[in-house]
Amino acid sequence: MGIFNRFKKSKENTNEIIEVKNLKKLLEFCACKDAHIKARNLYEAKHKPQEFFNHHKELYNVIVYPSKHLFVGLLQHYLEENGNLCTVDWKAGAKYFYYALAKCGMPREIGEKINFDSMEQYANESILCRLGIWLEENTEYRLFIVAHEFDDNVVLGFIPKDDMNILINLAKEIDLTIKCVNKNYAETTNCNLNEKAEENREGFDRIYEKTDKNGECIGYLLVESKYCETGRIKLEETPLGIKMSPKWIKTILTHMPDTGADILKAYEEGNVDTLLLITTSPNADPIKIENPYERFGV
């Protein structure tokens, strides 16, 4: 009995060594510092998410709950922190994609050649595909997305074309989905390149009036909703400030038609609360974070 247990333990140790090695290879390819430590963290997050979550409170401004896909969210965090990736909300417009690509290393001379203003009218998936096709046809770089199946945003990167397949293959070794966004991607996903964006897409998911017992408005609740299976929430940086930050809120309210002025006045008087709702699956009750500023350091 003992020899079989030893054989099983030896096999488990071998698998662990191989998996950590593969995680480290991807991190080193992306020039991440402390790749070995981060690879160990990713392994623990993947195989013992609850235990990892309990012992890493320093990551609570990034990780919301110990998801079974936690290692994907943690890897996204490491690579975004390193400048390889950037997060864009699906409600954002072309200017946010420009900002994200610049953060991922897109040279200024390339960015200046792309007519982002002409893309502003389109829905985000159309913008994403248009950018990927333009880069494929006009540059030696490629646009890629990471783990698009998990979250209510797009996590994208920018890479030399000769490195694209290397990155995709390294990702496969750790069960991570990375896709190059190009003409083939647009065709296989049946992307409508001409789909138009909704009006006033910049803003909050929901706004509620708070009333007193007489039905008089005494304040507002601003709600942002996120779908997240990785456990990672990114209140992304935008040209208008960090999402849900005071600067961002004021800017949005200033340009909001109809009730924006009233809510801004209430906000400045301290009569506005914010709430972040995180949906982990279609049937789960959302996680409520009533002070995104405190939790995410915004």
Side-chain angles (χ1 to χ4, degrees), residues 19 22-33 35 38-39 41-43 45-46 49 59 62-65 67-92 96-106 124-133 135-136 141-182 184-186 188-189 191 226-238 243 278 280:
E19 195 165 345
N22 288 337
L23 287 162
K24 185 168 176 278
K25 279 166 59 179
L26 186 143
L27 290 166
E28 288 178 335
F29 179 76
C30 296
C32 279
K33 294 179 181 178
K38 289 174 180 174
N41 283 348
L42 289 165
Y43 179 85
K46 184 175 184 180
L59 291 170
V62 177
I63 299 168
V64 180
Y65 71 104
S67 155
K68 65 179 180 180
H69 303 298
L70 179 59
F71 95 98
V72 176
L74 184 60
L75 179 60
Q76 289 175 344
H77 167 64
Y78 285 151
L79 295 183
E80 186 156 350
E81 193 177 48
N82 197 54
N84 306 102
L85 302 177
C86 195
T87 302
V88 178
D89 189 279
W90 274 115
K91 295 193 298 294
Y96 291 93
F97 280 92
Y98 175 84
Y99 183 81
L101 286 171
K103 288 194 69 177
C104 294
M106 179 179 69
N124 285 45
E125 189 170 8
S126 302
I127 296 171
L128 181 73
C129 289
R130 282 172 174 270
L131 286 172
I133 292 169
L135 289 170
E136 180 181 43
Y141 293 90
R142 296 294 179 266
L143 175 64
F144 66 90
I145 53 174
V146 180
H148 64 287
E149 67 270 37
F150 288 134
D151 298 320
D152 184 25
N153 50 41
V154 56
V155 182
L156 58 82
F158 179 87
I159 195 171
K161 73 170 186 179
D162 292 340
D163 290 339
M164 187 70 259
N165 285 335
I166 298 173
L167 181 62
I168 288 173
N169 289 330
L170 286 172
K172 284 180 181 176
E173 291 180 358
I174 62 169
D175 300 320
L176 179 71
T177 305
I178 289 182
K179 290 184 178 291
C180 178
V181 181
N182 52 16
N184 181 64
Y185 173 88
T188 55
T189 58
C191 175
K226 292 282 188 182
Y227 163 64
C228 171
E229 280 191 13
T230 65
R232 169 185 179 260
I233 291 294
K234 174 66 178 176
L235 294 180
E236 66 272 14
E237 294 182 39
T238 77
K243 189 145 194 176
I278 300 159
T280 61

Practice task
Flag the pair Cys180 / Tyr185 as yes when at least one side-chain heavy-atom distance between them is below 4.5 Å, and no otherwise.
Solution key: no
Practice task
Report yes or no: does Asn124 contribute a side-chain atom to a donor-acceptor pair with the main-chain N or O of Ala92 at less than 3.5 Å?
Solution key: yes
Fill in the blank from the handout: In this structure, CG of Leu79 is separated from CG of Leu26 (nearest 0.5 Å) by 6.5 Å
Listed pairs under 3.5 Å, donor-acceptor, residues 67-74 side chains, sequence neighbours left out:
| from | atom 1 | to | atom 2 | distance (Å) |
| --- | --- | --- | --- | --- |
| Ser67 | OG | His69 | N | 2.8 |
| Ser67 | OG | Glu229 | O | 2.2 |

Fill in the blank from the handout: To the nearest 0.5 Å, atom CG of Leu176 lies from atom CZ of Phe150 at 8.5 Å
Exercise for the section: Please identify each residue that fulfils side chain to side chain donor-acceptor pair (under 3.5 Å) with Lys38, with sequence neighbours left out. Expected result: none
Handout entry: Validation row: Val154, Phe97 side chains within 4.5 angstrom (heavy atoms)
Key = yes
Handout entry: Test item: Phe144 and Leu85 side chains (from C-beta on) under 4.5 Å apart, heavy atoms
Key = yes
Practice task
Evaluate the side-chain proximity of Leu101 to Leu131: yes if any heavy-atom separation is below 4.5 Å, no if none is.
Solution key: yes
Problem - side-chain contact (heavy atoms from CB on, under 4.5 Å) assessment of Leu75 paired with Leu27 - result: CA-CA 9 Å; Leu75 179 60; Leu27 290 166; 3.8 Å; yes
Problem - Flag side-chain contact, heavy atom, 4.5 Å: Asp151 against Thr230 - result: yes
Handout entry: Pairing residues for Lys25 by the salt bridge (Lys or Arg N to Asp or Glu O under 4.0 Å) criterion, not counting sequence neighbours
Key = Glu173
Problem - Distance, nearest 0.5 Å, that separates OG1 of Thr238 from NZ of Lys243 - result: 8.0 Å
Fill in the blank from the handout: CD1 (Ile63) and CD1 (Ile233) are apart, to the nearest 0.5 Å, by 11.5 Å
Handout entry: Under the side chain to side chain donor-acceptor pair (under 3.5 Å) test, residues paired with Lys226 that sit two or more places apart
Key = Asp89
Exercise for the section: Name all residues meeting the ring pair (Phe, Tyr, Trp, His ring centres under 6.0 Å) criterion together with Tyr65; count only those two or more places apart in sequence or in a different chain, and write none if there are none. Expected result: none
Practice task
Answer yes or no: is there a side-chain heavy-atom contact under 4.5 Å between Ile159 and Leu143?
Solution key: no
Completion exercise
The side-chain contact (heavy atoms from CB on, under 4.5 Å) partners of Lys103 (sequence neighbours excluded) come to Cys86, Tyr99, Glu237
Handout entry: Inter- and intrachain pairs under side-chain hydrogen bond (donor to acceptor under 3.5 Å, both in side chains), touching residues 75-85, at least two apart
Key = Asn41-Tyr78, Gln76-Arg232, Glu80-Thr87, Glu80-Arg232, Asn82-Asn84
Exercise for the section: Starting at CD of Glu125, measure out to CD1 of Ile145 and round the result to the nearest 0.5 Å. Expected result: 8.5 Å
Show which side-chain atoms of residues 162-171 pair as donor or acceptor with protein atoms under 3.5 Å away, not counting sequence neighbours.
| from | atom 1 | to | atom 2 | distance (Å) |
| --- | --- | --- | --- | --- |
| Asn169 | ND2 | Asn165 | O | 3.1 |

Practice task
Apply salt bridge (Lys or Arg N to Asp or Glu O under 4.0 Å) to Lys46 and list each qualifying residue two or more places apart in sequence or on a separate chain.
Solution key: Glu19, Asp175
Exercise for the section: Mind listing the closest non-hydrogen atom pair of Gly157 and Cys104 along with its distance? Expected result: CA-SG, 4.1 Å
Fill in the blank from the handout: Across all chains, not counting sequence neighbours, the side chain to side chain donor-acceptor pair (under 3.5 Å) partners of Thr177 are Glu149
Problem - Side chain Asn182, main chain Asn184, donor-acceptor under 3.5 Å - result: yes
Problem - Those residues that, when tested against Lys161, pass side chain to side chain donor-acceptor pair (under 3.5 Å) (two or more places apart) - result: Glu140
Fill in the blank from the handout: The ring pair (Phe, Tyr, Trp, His ring centres under 6.0 Å) partners of Phe158 (sequence neighbours excluded) come to Tyr141
Problem - Nearest-0.5 Å distance, SG of residue Cys228 to CD1 of residue Ile278 - result: 7.0 Å
